[in-house]
2 protein chains.
Amino acid sequence: MSGIADVARRAGVSKSTASRALTGSGYVSDATRQRVRDAANTLGYVPSTHAVSLATGKTQTIGVIVPHVTRWYFGEVVDGIQNALIARDLDCALFSAEPGSANRQRMFDTYLGRRRFDGLITVGLEPSTRELDRITTIGKPLVTIGSYDAGTSAVSIDDFEAALRATQHLIALGHSNIVFLGGAPEDSDHSFGDARRVGGYRTAMTEAGLAEFVQHIPCDVDMPDGYAVAVDFLSGSHARPTAIVAVCDEVAIGAIIAARRQGIGVPNDLSVIGIDDHTHAEMFSLTTLRQSPREQGETAVELLSRLIAKPRSTPERVWAPATMVIRSSTAPPPEPARL
Amino acid sequence: MSGIADVARRAGVSKSTASRALTGSGYVSDATRQRVRDAANTLGYVPSTHAVSLATGKTQTIGVIVPHVTRWYFGEVVDGIQNALIARDLDCALFSAEPGSANRQRMFDTYLGRRRFDGLITVGLEPSTRELDRITTIGKPLVTIGSYDAGTSAVSIDDFEAALRATQHLIALGHSNIVFLGGAPEDSDHSFGDARRVGGYRTAMTEAGLAEFVQHIPCDVDMPDGYAVAVDFLSGSHARPTAIVAVCDEVAIGAIIAARRQGIGVPNDLSVIGIDDHTHAEMFSLTTLRQSPREQGETAVELLSRLIAKPRSTPERVWAPATMVIRSSTAPPPEPARL
DNA sequence: TTGAAAGCGTTACCAC
DNA sequence: GTGGTAACGCTTTCAA
């Protein structure tokens with residue numbers, strides 16, 4: 001574990017010169033620079049990041065806050081962030097903030113306060129006002145992925161438009177009785193992306209004169225609950241819808257499985273469209289709006305790096321693309337419905 | 001951003017006393033301790049971790065190496081680790097090491113060398129000998145989850161026994177033509193847990209005098225590939241097996257979906273058993289051996305903490321439990337097979 | 001029980 | 001171009 005002093009001695013220069021040669025800041029002759037580098041190499045010199053941090057005030061770390069890492073979207077984003085970070089020689093400190101957990105509170109109180117990061121990326125975070133307040137008073141650059149939008153730098157798809165297009169696709173196929181499946185109930189106070197998607201659906205329906213058919217069936221945003229809720233309402237006595245817009249692919253897939261279980265053919269009896277293009281979407285021939293959380297993670301790192309380099313620059317809002325991928329879970333409604 | 005000097009001044013003591021009072025090391029009178037604490041509180045004092053690290057040599061961070069975070073097992077483990085870490089006031093530095101990626105190499109070379117962690121947890125890592133070498137020469141405490149076993153502290157289920165029991169369950173139901181689905185091919189050089197599971201299956205079959213039926217069908221360890229490969233061999237012309245032992249639940253679920261698609265009834269025509277008790281297992285009524293990656297993560301943190309506290313202590317090997325959860329994807333073989 | 005001062009390993013300012 | 005030296009913010013002897 002040799003330090004910069006050892007390197008300097010071996011290269012026959014002072015610590016300051018060695019530092020300059022190694023970090024590339026300030027004037028050093030090419031000859032000395034080479035000597036210092038050689039010395040560092042043969043010594044296997046690795047700078048102590050603590051010392052560097054203490055001296056520079058930079059941590060070379062960025063913090064990532066994520067509700068949990070087990071849902072597809074979050075996992076992909078984290079992997080994307082990781083990749084971008086490694087390429088830039090930055091460390092990734094992961095903080096999970098499961099909604100409602102004691103640890104979340106602790107994380108906000110203790111961890112954030114330590115400021116062991118040069119910048120923060122929050123993914124899918126739906127902060128309470130108290131939490132939001134905490135985050136902003138930290139005073140570190142911040143980029144938000146796929147969640148709230150408070151004038152900070154942010155990247156996400158346009159949730160409203162994605163759901164709008166998904167719904168319009170169904171309408172164009174001839175459907176009228178279209179249901180929106182998934183997300184928190186309308187009156188819930190923390191519904192961010194979900195709520196915008198419901199909004200897009202609602203608007204598409206209304207604009208097409210189908211306001212009477214508008215129906216939002218809330219459920220947890222995961223496959224098992226999508227399945228369970230779909231089983232329930234598909235077997236209900238009311239007029240079964242001919243199409244479903246799901247809040248995301250996981251819920252869509254849950255619905256497809258539910259339908260199959262009940263002998264309801266997809267897409268012949270029921271069309272289903274999702275949002276995401278989940279890894280499993282192809283397997284279920286799911287028509288969906290593709291987004292790439294991985295790339296969103298990379299983009300966020302890019303924005304954050306810029307913010308760290310120029311702290312006073314204005315926040316940027318990046319709209320990630322969502323492109324329609326038509327597979328075979330959507331089709332025109334069955335004949336009777338057309339009458 | 002007040003420092004310990006400010007606290008000391010406000011409490012009317014020296015920096016050293018303030019430090020002792022706050023860290024709880026060394027003698028301080030109760031009265032002064034209280035005064036220092038009050039001062040720290042009103043000032044909102046947060047120690048600079050860099051300075052602390054520099055002075056103590058401890059980083060208060062533990063590193064977690066994981067291939068990626070998008071598979072169920074890994075995601076759950078990481079969440080478990082996170083939870084345990086937060087409770088101990090430790091930071092989590094995440095390193096992804098996707099097999100074969102350029103970043104993996106970079107991570108091993110650069111990141112590990114920085115030693116910005118007091119200990120390391122590797123999850124499902126299947127290290128090359130070069131990588132293994134690198135990890136051990138780091139000289140930091142190490143705990144391994146669900147992967148190789150090199151005399152270091154480790155936690156995982158007994159893969160061999162889990163597959164053995166899964167297979168025996170099928171045999172007890174009356175099956176003979178039982179296939180093992182998933183994992184790397186036998187001759188692959190990096191097959192760790194998978195290979196042990198194949199071994200358990202093979203042993204159970206042999207012991208039951210069913211050696212002639214032994215058949216390992218490799219596939220990637222995820223649902224889409226389990227599905228694809230199952231579609232293939234279930235529709236093949238050869239005698240279809242009456243039961244499948246899947247390397248994990250994701251593959252098992254893929255197989256179930258494949259079977260359904262082909263009109264093969266589960267469990268009437270085909271029994272399927274998995275290992276994991278994946279979040280989706282219940283939804284597919286999957287019989288499986290339950291393990292809790294979350295708890296394994298927590299256990300690993302516990303082992304690691306002990307190792308960090310007493311660096312010379314001997315490594316511990318923890319076998320996580322795997323308990324059979326019988327749902328309805330397994331049943332006796334169809335009549336013809338019994339003859 | 002307390003305080004002064006010496007590190008910990010860098011960077012950065014300021015002379016030379 | 002280069003070297004001396006003072007930070008950076010804390011912990012930890014060692015005296016008192």
Side-chain angles (χ1 to χ4, degrees), chain A residues 1-40 43-61 89 91 110 113-118 140 308-309, chain B residues 1-40 43-61 89 91 110 113-118 308:
Chain A
M1 289 275 76
S2 41
I4 202 171
D6 304 302
V7 175
R9 197 174 315 122
R10 189 167 227 277
V13 296
S14 70
K15 281 197 326 182
S16 0
T17 306
S19 173
R20 256 172 282 144
L22 260 16
T23 60
S25 68
Y27 295 98
V28 187
S29 76
D30 288 350
T32 22
R33 167 170 296 116
Q34 200 47 54
R35 251 185 313 137
V36 173
R37 281 196 181 145
D38 290 347
L43 255 35
Y45 167 71
V46 179
S48 150
T49 41
H50 307 306
V52 174
S53 294
L54 191 55
T56 62
K58 292 290 181 198
T59 64
Q60 306 285 60
T61 297
D89 248 349
D91 269 11
T110 310
R114 292 217 231 290
R115 294 182 173 73
R116 292 180 70 169
F117 41 77
D118 298 331
K140 295 275 188 182
I308 291 173
Chain B
M1 289 274 75
S2 40
I4 202 171
D6 303 302
V7 176
R9 197 173 315 122
R10 189 166 227 278
V13 297
S14 69
K15 280 196 327 180
S16 5
T17 306
S19 172
R20 258 172 279 145
L22 259 17
T23 60
S25 68
Y27 296 98
V28 187
S29 76
D30 288 351
T32 12
R33 181 186 324 278
Q34 200 47 55
R35 250 185 312 134
V36 173
R37 282 197 180 145
D38 290 346
L43 255 35
Y45 166 72
V46 178
S48 150
T49 42
H50 308 305
V52 175
S53 294
L54 192 54
T56 61
K58 291 289 181 198
T59 64
Q60 304 286 61
T61 298
D89 248 352
D91 269 12
T110 310
R114 292 217 230 290
R115 294 182 173 71
R116 292 181 70 168
F117 40 78
D118 297 330
I308 291 172

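These numbers come from the heavy atoms of this one structure, side chains and all, not from hydrogens, waters or symmetry mates. Because the structure is a prediction, the values reported are computed rather than measured. First the proteins, then the strands, lettered A, B, ... as listed; each starts at 1.
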(message) Rounded to whole Å, please give me the gap between OH in B:Y27 and C1' in D:dA15.
(response) 16 Å
(request) Establish whether the base of C:dG3 is bridged to the side chain of B:R20 by a donor-acceptor pair shorter than 3.5 Å. (result) yes
(message) Quiz question: going by heavy-atom distance under 3.5 Å, is there a donor-acceptor pair between the base of C:dA4 and the side chain of B:S16?
(response) yes
(request) Name the nucleic acid region contacted by B:T56, choosing base, sugar-phosphate or nothing; use a 4.0 angstrom heavy-atom cut-off, strictly under. (result) sugar-phosphate
(request) Could you tell me the separation between the CZ atom of B:R35 and the P atom of C:dT2, rounded to a whole number of Å? (result) 8 Å
(message) Nearest whole Å is fine: how far is C:dC8 C1' from B:K15 NZ?
(response) 13 Å
(message) Heavy atoms only, 4.0 Å cut-off, all strands: where does A:T32 land among base, sugar-phosphate and nothing?
(response) sugar-phosphate
(request) Determine the contact category for B:V7: base if any of its heavy atoms lies under 4.0 Å from a base atom, sugar-phosphate if only primed atoms, P, OP1 or OP2 are that close, otherwise nothing. (result) nothing
(message) Rounded to the nearest 0.5 Å, what separates atom CD1 in A:I308 from atom NZ in A:K140?
(response) 8.5 Å
(message) Check B:R35 with B:D38, please: is the shortest side-chain N to carboxylate O separation under 4.0 Å?
(response) no
(message) I want to check one thing: is the phosphate of C:dT11, taken as OP1 and OP2, less than 4.0 Å away from some side-chain N or O of A:S19?
(response) yes
(message) Side-chain N or O of B:T17 versus OP1/OP2 of C:dT2: is the shortest distance under 4.0 Å?
(response) no
(request) Identify the two heavy atoms, one from B:R33 and one from B:G24, that lie closest to each other, and give their separation to 0.1 Å. (result) NH1-CA, 4.4 Å
(message) Quick check on D:dC10: is either OP1 or OP2 less than 4.0 Å from any side-chain nitrogen or oxygen of B:Y45?
(response) yes
(request) Calculate the interatomic distance between A:R115 atom CZ and D:dC8 atom P; express it in whole Å. (result) 18 Å
(request) Using only side-chain N and O atoms of B:S48, determine if any of them is under 4.0 Å from OP1 or OP2 of D:dC10. (result) no
(message) Without decimals, in angstroms, what is the distance between B:Q60 CD and D:dT11 C1'?
(response) 13 Å
(request) Kindly point out which of C:dT11, D:dC10, D:dT2 is positioned nearest to the side chain of A:S29? (result) D:dT2
(message) Between A:R114 and B:D89, does any NZ, NE, NH1 or NH2 come within less than 4.0 Å of an OD or OE carboxylate oxygen?
(response) yes
(request) Round to the nearest Å and state the distance from A:L54 atom CG to D:dT11 atom P. (result) 12 Å
(message) Without decimals, in angstroms, what is the distance between B:D6 CG and D:dG9 P?
(response) 10 Å
(message) Regarding B:R10 and B:S2, do their side chains bring together a donor and an acceptor under 3.5 Å, going by distance alone?
(response) no
(message) Rounded to whole Å, how long is the line connecting atom CZ of B:R116 with atom C1' of C:dG9?
(response) 14 Å
(message) On DNA chain C, does the nearest nucleotide to B:V13 precede the nearest nucleotide to A:A18 from the 5' side, or the other way round? Give the residue.
(response) B:V13
(message) So if I take every side-chain heavy atom of B:I4 and compare against C:dG9, D:dT11, C:dA12, which nucleotide ends up nearest?
(response) D:dT11
(message) Does A:T23 reach a base, just sugar-phosphate, or nothing at all? Heavy atoms under 4.0 Å.
(response) sugar-phosphate
(message) Set out, in order, the CA-CA distance, both residues' side-chain angles and the distance that settles side chain to side chain contact (heavy atoms under 4.5 Å, CB included) for A:R20 and A:S16, then state yes or no.
(response) CA-CA 6 Å; A:R20 256 172 282 144; A:S16 0; 3.4 Å; yes
